[in-house]
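So that the names make sense, note that chain A is the first sequence line, chain B the second, and so on, each numbered from 1. Quick note: numbers below take in every heavy atom, side chains included, and nothing from hydrogens, waters or symmetry partners.
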Amino acid sequence: MENKEIARVLWETADLMEIAGEDSFRIRSYRNSATSIEGYPERIIDILKDENRKVTEIPGIGKRLASVLQEIVDRGSCERRDELLKKFPPTALEFLKIQGLGPKGIALIFEHHQITTMDELEQLCKDEKLRLLPRMGAKLEEKVLRSIAQYKMRTGRFLLSFAHEAAEELKKYLAETGGVEEITAAGSLRRGKETVGDLDLLVTGPNATEVLERFVAYPRVHEILGRGANKASAKVGREGLQVDVRALPRESYGAAMQYFTGSKEHNVAVRTRAVKMGFKLSEYGLFRADNDTRVAGESEQEVYDALGLAWIPPELRENSGEIEAAGEGRLPELIELKHIRGDIHMHTTETDGRASLEEMAEAAKNLGYEYVAITDHSKAIAMANGLDETRAVAFARQVRELNRQDRGIRIFSGLECDILKDGALDLANDALAELDLVIGSVHSHMNLEPAEMTDRLLRALECPSLRVLGHPTGRLLMQREPFSFDFDRVVMEAVKRGVHFEINASPERLDLNGNLVRSAKQRGAKFTVSTDAHHPKHLHNMWYGVVTARRGWLGPADVLNTLPAERFRNAIRHN
DNA sequence: GCCGTTTTCGGCCCGACTGTTTTCAGTCG
Ligand SMILES: Nc1nc2c(ncn2[C@H]2C[C@H](O)[C@@H](COP(=O)(O)OP(=O)(O)OP(=O)(O)O)O2)c(=O)[nH]1
Ligand SMILES: [Mg+2]
Ligand SMILES: [Mg+2]
Ligand SMILES: [Zn+2]
């Protein structure tokens with residue numbers, strides 16, 4: 001059982017508990033544990049099996065939840081969940097996704113109606129039966145009907161890249177309002193989370209509230225969810241992306257950014273700290289609890305300062321140790337885009353890329369890089385006309401020739417070599433040894449048992465020419481789960497053999513993810529950040545990779561391709 | 001149910017918007 005599945009059971013249990021009206025703090029504990037486990041770099045099932053380990057090491061897991069975890073791993077559910085599912089049908093959990101319906105409303109519906117499906121809920125609204133329930137009315141029926149329609153369209157979360165572009169477009173439109181000083185994207189987008197649930201925009205200036213008017217009048221808005229004096233929400237575009245816009249005065253802007261950037265868990269932890277120090281923190285500022293005088297609020301720096309914390313980069317704000325680190329001056333200097341000196345994973349027309357080597361190199365040069373590595377596919381990807389030994393060796397020679405003349409950018413010959421089912425690399429090592437940089441990637445047989453996948457990767461690491469493990473978990477966001485293997489063992493072996501982990505910056509991959517990066521770094525791993533570009537425009541994706549590296553607490557020294565060309569060459573050299 | 005620079009018991013973030021509403025609960029951020 002994967003951590004994600006365990007986390008889902010815990011989330012469901014928490015949701016059911018809430019519908020049943022149980023204690024809200026206990027529910028919070030269940031939710032916190034789910035979040036912890038979902039992002040935990042090791043498999044819970046392995047920790048439970050290990051005599052020398054305890055799941056209570058994981059923050060948010062105590063004695064009680066430890067035994068709940070054991071139960072979930074053993075039989076896929078826990079007693080509490082089973083009991084609640086006798087009272088409420090599983091669709092209750094789906095009902096929670098309907099805007100306007102919360103735990104209280106859902107409990108009320110089940111008290112009065114024997115329904116089990118979304119269609120029956122829809123019918124209830126159409127028959128105007130919902131309004132007969134206490135505290136429910138015609139407006140709610142309409143809202144629920146609209147939301148059910150949305151639900152059926154299955155709009156879930158969005159790629160970071162999509163959210164980024166949508167935010168830029170909307171910011172441009174809103175900026176045309178006069179009297180607006182700043183429009184900033186906050187929320188999960190500012191934190192650089194791999195997928196984004198909605199857009200959270202913060203505006204300030206003398207006419208900030210007029211922006212709200214302009215926002216709801218945006219032609220692409222097709223449903224206004226709410227609109228008050230300080231904030232407005234709407235569904236935008238045919239994708240149904242939700243956008244929340246919040247307006248606040250200049251003097252509160254720092255506190256507002258702090259609030260709206262989140263994460264929620266980070267906010268709760270920071271606010272709890274404020275309370276313990278005799279303050280109250282909200283989006284309006286930091287205030288003394290006794291007499292309400294303002295202590296800070298204009299900038300984020302000021303707010304964190306007043307709480308005895310170093311300013312925390314948004315990418316770290318997940319309540320996973322960053323607050324403690326900020327309090328003790330232990331925050332790392334994070335890597336930035338400007339530190340990257342070369343992009344070292346890209347494809348050309350030689351295989352499945354859309355541009356020639358020269359075009360890719362030229363585009364990279366224009367981005368200010370010192371070097372690139374061209375890494376086309378190997379022959380196992382027959383559809384892409386992958387390179388065999390002969391072509392690989394010829395390519396290495398061709399690149400040596402190319403570098404004789406100065407092109408303003410240095411080129412390294414590379415290969416994204418398939419890791420075959422048994423862990424052997426697709427090409428013989430004497431051919432690989434001719435190349436400057438070999439990336440090993442899994443592109444086939446991704447459903448192996450974890451033990452078999454672990455052995456496969458460990459064997460691949462034995463290849464003396466291998467320098468990088470490409471998109472190490474194989475996930476495709478919202479399409480394909482990462483394949484599971486013993487990550488720790490693979491990290492240990494990679495560290496021993498000097499193989500780097502790729503942070504693939506392609507927005508649909510972002511692989512490794514931030515949590516795995518952080519855990520691998522703690523065990524001494526080194527990394528690359530590369531775009532896997534198949535077109536010159538993809539080279540711009542580097543930013544997403546850097547953000548992911550930052551979410552993994554990396555500094556420039558952790559990343560191979562921050563080295564200047566000559567030192568980079570020495571680092572990947574065959575010895 | 002978790003957790004500890006104030007605590008091993010007693011707390012646990014704080015505010016906007018809607019309409020179910022007439023003094024506020026529920027939902028959401
Ligand atoms: N203090 C506090 N802040 C919250 C709470 N809920 C949300 N926020 C803040 C922090 C969030 O990052 C921000 C935006 O809320 P969202 O629901 O859009 O969450 P976020 O953007 O983090 O994730 P998302 O990708 O949209 O699901 O508002 C809360 O319950 N308390
Ligand atoms: Mg958001
Ligand atoms: Mg939001
Ligand atoms: Zn690949």
**OP:** Please check the phosphate of B:dC17 (OP1 and OP2 only) for any side-chain N or O of A:Asn230 closer than 4.0 Å.
**Re:** yes

Subject >> Over all atoms of both residues, closest heavy-atom pair of A:Gly178 and A:Asn207 >> reply: O-ND2, 3.2 Å

Original post:
Of A:Lys280 and A:Tyr30, whose closest DNA chain B nucleotide lies nearer the 5' terminus?
Top reply: A:Tyr30

**OP:** Give A:Arg227 one of three labels, base, sugar-phosphate or nothing, depending on what nucleic acid heavy atoms sit under 4.0 Å from its own.
**Re:** sugar-phosphate

Subject >> Residue A:Pro103, side-chain atoms from C-beta onward, closest of B:dG19, B:dA16, B:dT27 >> reply: B:dT27

**OP:** Please work out whether the ring planes of A:Phe158 and A:Phe162 are parallel, tilted or perpendicular, with thresholds of 30° and 60°.
**Re:** parallel

Original post:
Which part of the nucleic acid, if any, lies within reach of A:Lys276 when heavy atoms closer than 4.0 Å are counted: base, sugar-phosphate only, or nothing?
Top reply: base

Original post:
Reckon A:Gln242 has a side-chain N or O less than 4.0 Å from the OP1 or OP2 of B:dC28?
Top reply: no

Subject >> Non-neighbouring partners of A:Glu318 that pass salt bridge (charged side-chain N to carboxylate O under 4.0 Å, His left out), sequence neighbours left out >> reply: A:Arg191, A:Arg551

**OP:** Could you tell me the separation between the CZ atom of A:Arg64 and the C1' atom of B:dC3, rounded to a whole number of Å?
**Re:** 15 Å

Original post:
On a plain distance test, is the side chain of A:Arg271 in donor-acceptor contact with the base of B:dC14 below 3.5 Å?
Top reply: yes

Subject >> Closest-nucleotide ordering on DNA chain B, the 5'-leading residue of A:Met17 and A:Gln99 >> reply: A:Met17

Original post:
So what does A:Arg80 hit on the nucleic acid, given a heavy-atom distance under 4.0 Å: a base, only sugar-phosphate, or nothing?
Top reply: sugar-phosphate

Original post:
Is the A:Phe95 to A:Phe110 ring centre distance short of 6.0 Å?
Top reply: yes

Original post:
With a non-hydrogen cut-off below 4.0 angstrom, is A:Gly262 in contact with a base, only sugar-phosphate, or nothing?
Top reply: nothing

**OP:** Just call it for A:Val270: base, sugar-phosphate, or nothing, with non-hydrogen atoms closer than 4.0 Å on any strand.
**Re:** nothing

Original post:
Looking for any heavy atom pair under 4.0 Å, which part of the strands does A:Ala269 touch: base, sugar-phosphate only, or nothing?
Top reply: nothing

Subject >> Interatomic distance at C1', B:dA16 relative to B:dC12, whole Å >> reply: 22 Å

Original post:
Do the side chain of A:Tyr284 and the base of B:dG15 come within less than 3.5 angstrom through a donor-acceptor pair of N or O atoms?
Top reply: no

**OP:** Test A:Thr116 against every option in A:Glu120, A:Gln114, A:His113 by the side chain to side chain donor-acceptor pair (under 3.5 Å) rule and name the one that passes.
**Re:** A:Glu120

